[in-house]
Number of protein chains: 2
Amino acid sequence: MTAVDNSVEHRPTLAAVAARAGVSASTASLAFSGTGPVSDATRERVLQAARELNYAGPDPRARSLRRGRSGIVGVVLEERVRDAFRDPIKIATLDGISEELGSIDAGLLVLTEVAGEAEGDEKNPVTLSDAPIDGAVLMGCSPRFEESIATLRARGVPVVAIEGNPGDDDIVMILQDNREATRRGAEHLKALGHTRVAIVALSLDRDHRRALVTPERIAAGTSATTLERLAGARDVFPDAPAYTGAGSYVEEGRLAALELLSGEASDRPTAIIAQSDLLAAGVIRAAEELGIAVPEQLSVIGFDGVKVDGLWPYDLTTLVQPAAEKGRAAGRAVKAMLAGNDVASRLFTAEFHEGNTTAPVPVVE
Amino acid sequence: MTAVDNSVEHRPTLAAVAARAGVSASTASLAFSGTGPVSDATRERVLQAARELNYAGPDPRARSLRRGRSGIVGVVLEERVRDAFRDPIKIATLDGISEELGSIDAGLLVLTEVAGEAEGDEKNPVTLSDAPIDGAVLMGCSPRFEESIATLRARGVPVVAIEGNPGDDDIVMILQDNREATRRGAEHLKALGHTRVAIVALSLDRDHRRALVTPERIAAGTSATTLERLAGARDVFPDAPAYTGAGSYVEEGRLAALELLSGEASDRPTAIIAQSDLLAAGVIRAAEELGIAVPEQLSVIGFDGVKVDGLWPYDLTTLVQPAAEKGRAAGRAVKAMLAGNDVASRLFTAEFHEGNTTAPVPVVE
DNA sequence: CTGAAAGCGCTTACAG
DNA sequence: CTGAAAGCGCTTACAG
């Protein structure tokens with residue numbers, strides 16, 4: 001393999017370009033930024049000089065210092081990249097943010113709250129506390145949430161939180177009607193005659209345990225999203241047993257469903273409310289394995305409205321949350337805050353989608 | 001919802017902190033950076049003053065200008081965020097990059113080559129040509145590849161390309177033995193007695209067509225990865241028909257396999273080589289639908305070695321590529337280049353994994 | 001261990 | 001339309 005030379009050459013500066021073009025630095029600057037009035041002839045002379053010197057344009061570092069803006073918005077993930085990006089909702093949200101932040105969808109600095117052993121590390125000084133960001137979007141609530149906000153606040157960086165714990169702070173939030181939406185889904189099941197309903201839940205906290213949900217676990221739960229959706233389901237089915245998966249994955253849904261569907265046909269649930277579409281897909285897989293027909297013998301309902309790849313021929317009954325729109329709203333909120341405007345929090349509504357995975361409760365003969 | 005006040009306050013400066021602590025700016029700077037020797041008493045005085053003034057630390061923008069480094073590395077995607085992140089290999093690679101770039105896995109600026117209508121846009125000046133990045137990793141080859149490299153080169157930004165077209169430029173590359181690895185997989189099938197083998201391929205170009213592969217399409221193909229894997233399969237099975245999916249998704253694999261498996265049992269393929277694990281998962285789904293048992297009646301082999309969520313009980317026979325390691329290598333390469341070292345390109349090897357989706361060719365009775 | 005000075009490369013009022 | 005000047009906030013040799 002060829003070794004490539006990467007000696008750091010001396011980059012030319014705007015001053016050098018200006019000198020060669022025979023104009024002042026101010027004029028050269030104007031020629032590049034397109035601000036202020038410059039005669040075509042002069043601009044051309046400057047650009048020509050730049051070409052000759054192989055000058056690629058103003059140094060963004062200097063520009064940010066002078067302008068007091070870097071043009072970069074941080075996206076703070078609560079887990080490492082690999083985990084965060086397995087969640088299609090997070091990706092859709094990220095996509096929405098980037099879309100709003102510039103049609104070139106650029107300028108997103110990915111940061112994580114996974115600090116810890118960062119100390120003895122090499123010098124990568126880009127952390128929440130010293131990244132050159134103009135604003136930040138916090139994705140999801142987490143134990144470090146408060147800390148992150150405090151850090152950012154102290155730096156004067158505007159913050160928007162997506163699905164944080166409401167009332168955490170007087171911070172701009174992008175929220176979701178998790179409880180109400182789940183309740184709507186549950187009512188759909190009720191209307192179909194279901195009474196034996198079980199819940200496959202997301203993680204209640206950072207432990208990511210696979211286990212039955214108990215009142216103790218609920219009391220200790222830290223994930224607002226999980227708790228809200230759980231409450232919504234139990235608004236309609238107060239006694240529905242719930243089992244948490246170790247994450248929002250098909251395989252976790254499958255494992256949870258295998259637990260919940262293990263009983264006799266006569267007393268196993270006739271419907272399962274999953275807290276995400278991926279979990280719901282796993283529930284369907286488990287049902288297939290056990291020879292339980294969906295939706296004839298088991299109704300399944302999800303949450304998210306993402307197209308689960310490979311789920312065909314099922315069209316999942318679910319609550320479609322406007323993930324990309326939430327991202328765009330977050331992006332817009334950051335922009336507005338940067339413009340110095342007051343910004344209000346927003347509550348989004350998930351829409352019920354009736355697919356082909358729910359049906360009337362089977363008649364017992 | 002409450003509106004939050006975000007008036008941009010006047011942030012204190014290091015100079016203000018120094019003044020309050022009764023020391024020079026130099027000393028205050030030292031107190032924060034931990035470089036140079038400062039007496040404990042002095043440092044404490046500085047930090048105290050900072051606390052009193054609510055100073056959160058040196059401004060990263062000024063620091064980058066002075067140091068000539070921003071601490072940020074750009075990751076250039078060839079498509080928009082939402083598409084790039086549906087590929088588990090890209091995510092694993094990204095994770096490897098971020099891991100290497102700092103254990104806090106921070107400092108990754110996501111950029112895309114999707115320019116186009118960026119002109120009339122609001123001022124988000126963060127593009128490939130003016131992002132404050134110290135280095136860049138190009139993820140995947142693309143038509144704009146050359147252009148991106150040129151832009152970055154002109155700026156003096158060190159570039160590492162993952163799976164670009166080799167020989168594109170004298171650029172540092174992280175490559176993969178796509179052809180040889182696929183050939184190894186094909187030879188495994190041959191050893192099992194298979195002769196009627198078909199290929200489900202990734203996209204050949206940006207068209208993302210679902211169609212049979214023809215010599216013309218190969219000649220016009222721009223995706224090195226697809227072409228290399230195709231060549232590897234045909235090294236062993238020169239006449240194997242190939243069908244391209246519109247992307248690396250389970251559903252695309254399913255559709256392609258439905259085409260390829262449509263014939264009579266007596267002349268349909270007994271084995272399918274898929275160019276990604278997601279495609280392979282789709283092939284398995286299609287086989288299930290058609291009542292073709294895997295691996296008894298159809299052997300399926302993938303590429304990537306990602307755990308496809310929800311594929312249980314299948315353990316896919318595949319070529320495991322070291323995606324995270326490739327990312328780490330890219331990260332390390334960028335770091336080395338920033339340190340002024342010469343860096344060589346690297347070629348990675350995918351390892352054959354024999355799962356339970358391949359078996360001897362069925363006996364025809 | 002501490003301070004005075006220079007300067008990173010640009011942009012932006014301000015004059016003309 | 002163009003230029004001279006100041007300064008964004010910091011860090012880094014260099015002296016002491």
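Numbered from 1 within each chain, the chains take letters A, B, ... in sequence-line order.
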May I ask you to check whether A/Arg45 and A/Gln48 show a side-chain donor-acceptor distance below 3.5 Å?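 Side-chain D/A pair, A/Arg45 to A/Gln48: absent.
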I'd like to know whether A/Ile133 forms a side chain to side chain contact (heavy atoms under 4.5 Å, CB included) with A/Leu111, so could you lay out the CA-CA distance, the side-chain angles of the two residues, the decisive distance to 0.1 Å, and finally the verdict. CA-CA 11 Å; A/Ile133 52 178; A/Leu111 300 167; 4.3 Å; yes
Trace of the side chain to side chain contact (heavy atoms under 4.5 Å, CB included) decision for A/Phe85 with B/Asp95: CA-CA 10 Å; A/Phe85 291 172; B/Asp95 193 71; over 6 Å; no
Strictly below 4.0 Å, N to O, side chains only: are A/Arg153 and A/Glu146 in salt-bridge contact?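 Salt bridge: no.
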Are A/Glu163 and A/Lys90 ion-paired here, with the side-chain N under 4.0 Å from a carboxylate O? no
Given side chain to side chain contact (heavy atoms under 4.5 Å, CB included), test A/Arg67 with B/Arg61 step by step and report yes or no. CA-CA 10 Å; A/Arg67 291 204 174 143; B/Arg61 287 174 287 250; over 6 Å; no
Sequence-aligned protein contact record of nucleotides 3-12 of chain C, with B where the base is within under 4.0 Å of a protein heavy atom and S where only the sugar-phosphate is: BBBBBBBBBB
What base-paired stems does DNA chain C take part in, with at least 3 consecutive Watson-Crick or G-U wobble pairs and both distances under 3.5 Å?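 Listed by first number, the stems are C:1-3 with D:14-16, C:5-12 with D:5-12, C:14-16 with D:1-3.
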Would you please test A/Leu152 and A/Leu138 for side chain to side chain contact (heavy atoms under 4.5 Å, CB included) and show each step? CA-CA 10 Å; A/Leu152 261 5; A/Leu138 262 41; 4.0 Å; yes
